[in-house]
Amino acid sequence: MSGRERVEIDGRVLTLSNPTKVLYPATDDRAEITKAQVVDYYRAVAATLLPHLRNRLLTLRRYPEGVESAGFFQKDSGGRLPSWVHTVSVPHRHQSGSVRHVVCEDESTLVYLANLASLELHIRLCPADRPGYPDRFVVDLDPPPGHDPRELRPLVRRVSERFEEVGLTPYVQTTGGKGFHVVAPLVPDCPVDEVLASAREMARRLAEEDRRFTVEQRRDRRNGRVLLDVNRNGHAQTVIAPYSTRARPGAPVATPIQPRELARARPDAYHLGNVARRLASKGDPWAEMDRHAVSAARLHARLS
DNA sequence: GCCTTCT
DNA sequence: AGAAGGCAACGCCGC
DNA sequence: GCGGCG
């Protein structure tokens with residue numbers, strides 16, 4: 001396993017440690033993936049990804065020993081970082097003290113994080129400069145074990161339609177796991193607890209109207225139904241960033257899709273080996289998202 | 001992966 | 001000097 | 001109050 005390699009990005013010299021280390025072992029249909037390949041992936045999608053990371057507190061999920069090892073979450077960047085890595089400290093809600101989060105504003109930081117084996121980039125729903133006021137609204141569709149992924153498509157459409165009925169513009173991404181996220185941009189003018197209450201109300205109504213959905217968090221009460229998980233709208237919660245790799249065999253990637261692609265979409269269709277090509281030919285379906293932000297306060301009023 | 005602390 | 005340990009968090013609900 | 005769940 002070979003030593004170190006220097007790269008220059010944004011006029012900064014970074015040292016990559018163990019670039020040939022295998023982070024994703026080979027699977028039946030995909031070759032092994034090294035850290036250098038993860039770095040190359042993030043460089044290839046940087047222009048698309050960086051706008052989605054700008055001004056967002058990051059939580060890293062790191063796997064220095066590869067995806068077969070346990071890995072760990074990291075919110076507090078703790079020790080020394082290069083001076084050019086942006087961080088924002090936020091106080092704990094209940095305990096004293098604060099957490100110093102990385103905020104990724106440029107390609108060099110993205111590569112720095114990839115070198116730390118950050119195989120999942122999770123983001124908060126509040127802008128870093130507007131803590132406590134979400135500018136994203138998310139519903140996570142989480143199917144039960146053994147669920148046919150094709151049956152999820154009409155359900156994603158149903159949630160998207162409900163978004164439109166309450167004035168939100170829905171944006172869909174595959175999670176790289178088993179489900180989809182339906183996301184909408186908000187004007188951050190409403191406290192997080194009220195946005196969470198709105199999300200719960202929306203999910204509750206959907207589950208009441210359509211028996212294929214549930215809001216039961218206990219597995220043994222879901223009874224084969226698809227969980228509408230809205231808890232991620234709460235304080236200090238996070239969602240997987242678009243275009244983040246996932247720490248699962250085969251290196252799937254959370255990937256935004258067009259509504260029309262739902263007819264054929266699968267939650268694990270995109271991976272480190274095919275996303276750059278997809279972006280080159282189709283562009284980013286979420287590129288214009290921020291233009292469609294609607295007042296979170298108005299959403300809350302409408303759902304009460 | 002890297003830093004901090006224990007031995 | 002080397003080994004060991006750490007690295008998130010919130011709200012729900014059943015018990 | 002603790003632990004599973006996401």
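Here is how names work: the chains are called A, B, and so on, in the same order as the sequence lines, proteins then strands, and each is numbered from 1. The figures that follow rest on heavy atoms only: side chains count, while hydrogens, waters and symmetry mates do not.
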Next on the checklist: Under a 3.5 Å threshold, yes or no: a donor from one side chain and an acceptor from the other, between R222(A) and T214(A)?
Outcome noted: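 There is no such pair between these side chains.
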For [N] and [X] - does any side-chain N or O of the residue sit under 4.0 Å from the phosphate oxygens OP1/OP2?
{"X": "R218(A)", "N": "dC15(C)", "answer": "no"}
{"X": "R221(A)", "N": "dC13(C)", "answer": "no"}
{"X": "R200(A)", "N": "dG11(C)", "answer": "no"}
{"X": "T59(A)", "N": "dA9(C)", "answer": "no"}
{"X": "N18(A)", "N": "dG1(B)", "answer": "yes"}

Taking the same atom, [atom1], in [N] and in [M], what whole-Å distance lies between them?
{"N": "dG6(D)", "M": "dA8(C)", "atom1": "C1'", "value": "14 Å"}
{"N": "dC5(D)", "M": "dA9(C)", "atom1": "C1'", "value": "13 Å"}
{"N": "dC10(C)", "M": "dC2(D)", "atom1": "C1'", "value": "16 Å"}

When the distance from [atom1] of [X] to [atom2] of [N] is rounded to whole Å, what number comes out?
{"X": "N231(A)", "N": "dG4(D)", "atom1": "CG", "atom2": "C1'", "result": "13 Å"}
{"X": "D220(A)", "N": "dG6(D)", "atom1": "CG", "atom2": "P", "result": "11 Å"}
{"X": "Q237(A)", "N": "dC5(D)", "atom1": "CD", "atom2": "P", "result": "17 Å"}
{"X": "H122(A)", "N": "dC7(C)", "atom1": "NE2", "atom2": "C1'", "result": "14 Å"}
{"X": "L196(A)", "N": "dG11(C)", "atom1": "CG", "atom2": "P", "result": "8 Å"}
{"X": "L60(A)", "N": "dG1(B)", "atom1": "CG", "atom2": "P", "result": "14 Å"}
{"X": "R100(A)", "N": "dA8(C)", "atom1": "CZ", "atom2": "P", "result": "13 Å"}
{"X": "L121(A)", "N": "dA8(C)", "atom1": "CG", "atom2": "P", "result": "16 Å"}

So, taking the atom named [atom1] in [X] and the one named [atom2] in [Y], what distance separates them when rounded to the nearest 0.5 Å?
{"X": "N55(A)", "Y": "D129(A)", "atom1": "CG", "atom2": "CG", "answer": "4.0 Å"}
{"X": "L49(A)", "Y": "E107(A)", "atom1": "CG", "atom2": "CD", "answer": "10.5 Å"}
{"X": "L228(A)", "Y": "R162(A)", "atom1": "CG", "atom2": "CZ", "answer": "10.5 Å"}

Item to check | Pair assignment for dG3(D), Watson-Crick or G-U wobble, requiring both distances under 3.5 Å | outcome: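 With both distances under 3.5 Å required, dG3(D) matches none.
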Checklist entry - Taking a pair as Watson-Crick or G-U wobble with both distances under 3.5 Å, which nucleotide is matched to dC13(C)? => result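 Across all strands, not a single nucleotide pairs with dC13(C).
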Side chain of [X] (C-beta onward), nearest among [options]:
{"X": "F73(A)", "options": "dG6(D), dA8(C), dG1(B)", "result": "dA8(C)"}
{"X": "D76(A)", "options": "dG1(B), dA8(C), dG6(D)", "result": "dA8(C)"}
{"X": "N115(A)", "options": "dC10(C), dG14(C), dC2(B)", "result": "dC2(B)"}
{"X": "S17(A)", "options": "dC7(C), dG6(D), dC2(B)", "result": "dC2(B)"}
{"X": "R222(A)", "options": "dG6(D), dT4(B), dC12(C)", "result": "dG6(D)"}

Next on the checklist: Parallel, tilted or perpendicular, judged at 30° and 60°: which one describes the rings of Y171(A) and H292(A)?
Outcome noted: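 Geometry flag for H292(A) against Y171(A): tilted rings.
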Checklist entry - Base, sugar-phosphate alone, or nothing: which one does R93(A) contact when heavy atoms must sit under 4.0 Å apart? => result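 R93(A): backbone/sugar contact only, no base atoms under 4.0 Å.
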Next on the checklist: Using a 3.5 Å distance criterion without hydrogens, assess whether the side chain of R62(A) forms a donor-acceptor pair with backbone atoms of F72(A).
Outcome noted: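 No: the side chain of R62(A) does not pair with the backbone of F72(A).
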